[in-house]
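Notes to accompany the following structure.
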Amino acid sequence: PYSALIPCFKQWYQRRVRGFLSTLTSNKLIYLLASPLLFTLFSFPVLVDFISLINISSLDYLRSLHHLQPLMFVCSFVATFSRSSIKSLYKHSTFKRTMSSAPPIVTPAWLFENLKSVKVVDSSWYVPMEKRSQVKPEFIRCRIPGAVFFHIDEICDRNTHLPHNLPTPAEFEKAVGELGIKETDHVITYDQEGKYVASARVWWTFRVFGHKNISVLEGGLPAWLANSFPIESGERAPPIPAKYIHSHFHKELVRNLEDVTKNLETQEFEVVDARPRDRWLGKQPEPRPGLLQGQIPHSKSVPAFEVQRDGKIFEKEELLEKLKSSGVNLDKPIVTSCGSGVTAAIVSLALYARLGKDTSLYDGSFAEWGDPKNNKPVLQV
């Protein structure tokens with residue numbers, strides 16, 4: 001009677017455990033702890049087949065399980081740390097290029113083909129020197145079908161004088177949910193000028209809050225129009241609100257004033273400044289009144305608009321040459337900075353997309369460092 005039940009049990013077991021295993025492997029810690037148990041359980045059908053070959057009765061087999069448990073447990077640990085198991089654990093780990101379920105950059109052709117299955121976000125913003133603060137009218141005039149507007153000066157920390165600093169997790173969840181976005185959606189962010197301002201900043205923001213599927217449209221709206229893909233115009237109907245739950249705040253992607261100050265002594269990481277070179281040299285005033293002119297000591301100049309050409313981020317070799325000529329040491333962790341944390345994200349995007357290198361971003365950037373009230377050293381060359 002036991003032998004007759006074994007095939008049925010094997011089929012039921014495999015069906016039920018498949019979903020259970022999928023849930024467990026979504027968390028690397030639980031997966032690591034549960035792997036020995038899972039291996040032991042999954043070995044049951046295999047052992048049944050083996051024992052049937054050597055003609056041990058089912059009853060004898062069941063009685064022998066007690067004696068086999070120590071051996072099975074040891075084998076489970078060996079399997080847990082085998083090459084294939086480590087690869088599987090690495091696959092589900094947040095330390096693998098900090099959450100990378102979607103490509104960082106997608107082409108207009110890819111977006112056109114997948115438009116119905118993604119959420120599109122216009123993240124346009126103009127740097128102060130352009131003296132163009134009204135981006136919403138341009139969104140109303142021309143946008144990618146279905147797009148919503150993410151305003152970095154509205155979805156931000158309202159309790160600081162610093163411009164468009166990260167919102168709190170609760171503020172982010174509320175604002176993004178009101179845009180009709182869920183944490184499981186694949187979000188495509190773009191800008192109206194094709195220079196990644198502030199689509200790269202919004203890409204970084206989503207990643208900070210643990211969003212796995214976030215990409216930037218290569219070349220932004222100009223590249224979309226160049227392909228004669230369809231557009232929308234006029235007032236957009238309010239999106240259907242969604243419930244958004246951020247999975248994890250990735251603090252390793254963010255640096256603050258204290259971190260950068262400490263780095264003056266430790267030189268633990270490289271500060272890469274994405275502002276125009278003349279501002280970094282102190283030859284050109286900052287667009288925000290009252291700030292000092294110059295650079296954070298030991299920082300390197302890699303202007304955000306000099307890692308792209310015609311709406312495309314430099315490919316690997318050209319980007320490496322640019323970084324090398326700027327004296328950036330890629331063996332160290334990288335922290336990007338700029339005037340207010342917007343164009344710094346373009347350099348972060350370039351390093352991630354072309355070199356697979358994750359970076360942190362100094363959220364306050366020079367708007368904070370260059371404030372005389374903070375009494376931080378500023379160099380001029």
Side-chain angles (χ1 to χ4, degrees), residues 94-95 97-98 156-157 159-166 168 200-201 204-205 207-208 248-288 290-304 306-307 319-352 355-381:
T94 57
F95 294 102
R97 293 182 68 192
T98 311
C156 62
D157 184 357
N159 297 316
T160 177
H161 69 283
L162 295 171
H164 38 254
N165 267 207
L166 281 172
T168 66
R201 166 79 188 193
W204 171 77
T205 299
R207 295 185 71 235
V208 168
H248 178 69
F249 184 87
H250 287 269
K251 62 181 181 181
E252 70 276 8
L253 296 179
V254 189
R255 295 285 186 164
N256 58 29
L257 183 66
E258 182 181 352
D259 296 328
V260 180
T261 301
K262 183 180 178 181
N263 191 63
L264 295 178
E265 297 295 331
T266 64
Q267 289 296 287
E268 173 190 352
F269 52 79
E270 288 269 57
V271 176
V272 174
D273 195 321
R275 293 176 299 160
R277 187 169 176 81
D278 280 350
R279 284 168 59 189
W280 178 76
L281 291 172
K283 295 179 179 179
Q284 181 180 335
E286 290 297 303
R288 295 174 179 83
L291 296 183
L292 301 174
Q293 292 178 218
Q295 62 191 253
I296 298 172
H298 309 297
S299 63
K300 307 296 171 55
S301 175
V302 182
E306 295 182 19
V307 297
L319 179 60
L320 284 172
E321 183 60 34
K322 178 64 180 178
L323 295 169
K324 180 180 178 181
S325 66
S326 300
V328 178
N329 182 0
L330 289 173
D331 292 331
K332 283 186 175 183
I334 302 294
V335 174
T336 58
S337 178
C338 61
S340 62
V342 176
T343 58
I346 299 174
V347 177
S348 291
L349 173 65
L351 287 165
Y352 185 84
L355 307 182
K357 186 175 181 65
D358 240 330
T359 64
S360 305
L361 187 149
Y362 175 21
D363 202 15
S365 284
F366 205 78
E368 181 176 39
W369 189 272
D371 188 336
K373 296 177 182 178
N374 290 321
N375 195 30
K376 296 300 177 183
V378 173
L379 297 182
Q380 291 186 347
V381 179

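A cation-pi geometry, defined here as NZ or CZ lying under 6.0 Å from the six-membered ring centre and within 45° of its normal, holds between Arg207 and Tyr352.
Distance alone, capped at 3.5 Å, places no donor-acceptor pair between the Trp204 side chain and the Val342 backbone. For Glu270 (side chain) and Asn329 (main-chain N/O), a donor-acceptor pair under 3.5 Å exists by modelled atom type. Put simply, the side chain of Lys376 never gets that close to the backbone of Ile296: no donor and acceptor are under 3.5 Å apart. In this structure a side-chain-to-backbone donor-acceptor pair under 3.5 Å is present from Lys300 to Gly327.
Atom CG of residue Leu292 and atom CZ of residue Phe366 lie 6.0 Å apart, to the nearest 0.5 angstrom. Taking CG of Asp157 as the reference point, atom OG1 of Thr168 lies at 7.5 Å (rounded to 0.5 Å). The distance from atom NZ of Lys262 to atom CG of Leu257, rounded to the nearest 0.5 Å, is 14.0 Å. Interatomic distance, CZ of Arg288 versus CG of Asp371, reported as 12.0 Å (0.5 Å rounding). The distance from atom CG of Asn256 to atom CG of Leu361, rounded to the nearest 0.5 Å, is 12.0 Å. To the nearest 0.5 Å, atom CZ of residue Arg279 and atom CD of residue Gln295 are 13.0 Å apart.
Taking each heavy atom of Leu162 and Gly364 in turn, the nearest pair found is CD1-CA, 4.2 Å. Listed here is the closest heavy atom pair of Tyr362 and Val335: N-CG1, 3.9 Å. Between Gly341 and Ser365, the shortest heavy-atom contact is N-OG, 3.3 Å. Heavy atoms only, all atoms of each residue included: Ala200 and Leu349 are closest at CB-CD2, 4.2 Å. Considering every non-hydrogen atom in both Ala344 and Cys338, the closest pair reads N-SG, 3.3 Å. Counting all heavy atoms, side chain and backbone alike, Gly282 lies closest to Gln293 at O-NE2, 2.9 Å.
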(request) Could you walk me through whether Ser348 and Thr336 pass side-chain hydrogen bond (donor to acceptor under 3.5 Å, both in side chains), step by step? (result) CA-CA 7 Å; Ser348 291; Thr336 58; 2.8 Å; yes
(request) Please lay out, stage by stage, how Trp369 and Leu291 fare under the test side chain to side chain contact (heavy atoms under 4.5 Å, CB included). (result) CA-CA 9 Å; Trp369 189 272; Leu291 296 183; over 6 Å; no
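Other residues, nucleotides and ligands place no more than 12 heavy atoms under 6.0 Å from the NZ atom of Lys283.
Counting heavy atoms from C-beta outward, Thr359 and Val272 have side chains that stay 4.5 Å or more apart. Residues Asp278 and Pro276 have side chains not in contact (no heavy-atom distance under 4.5 Å, counting atoms from C-beta outward). You'll find the side chain of Pro303 reaches within 4.5 Å of the side chain of Ser301, heavy atoms only. Between Phe269 and Ile334 the shortest side-chain heavy-atom distance does not fall below 4.5 Å. Between Leu330 and Leu351, the closest side-chain pair of non-hydrogen atoms falls below 4.5 Å.
Here the options are Val260, Leu379, Asn263, Leu264, the test is side-chain contact (heavy atoms from CB on, under 4.5 Å), and the partner is His298; only Leu264 passes. Each of Arg255, Arg201, Lys251 was evaluated against Asp363; a single residue qualifies, Arg201, per the salt bridge (charged side-chain N to carboxylate O under 4.0 Å, His left out) test. With respect to Leu319, the side-chain contact (heavy atoms from CB on, under 4.5 Å) criterion is satisfied by exactly one of Val307, Val302, Val347: Val307.
Asp273 and Arg275 are joined by a salt bridge, as a carboxylate oxygen and a charged side-chain nitrogen come within less than 4.0 angstrom of each other.
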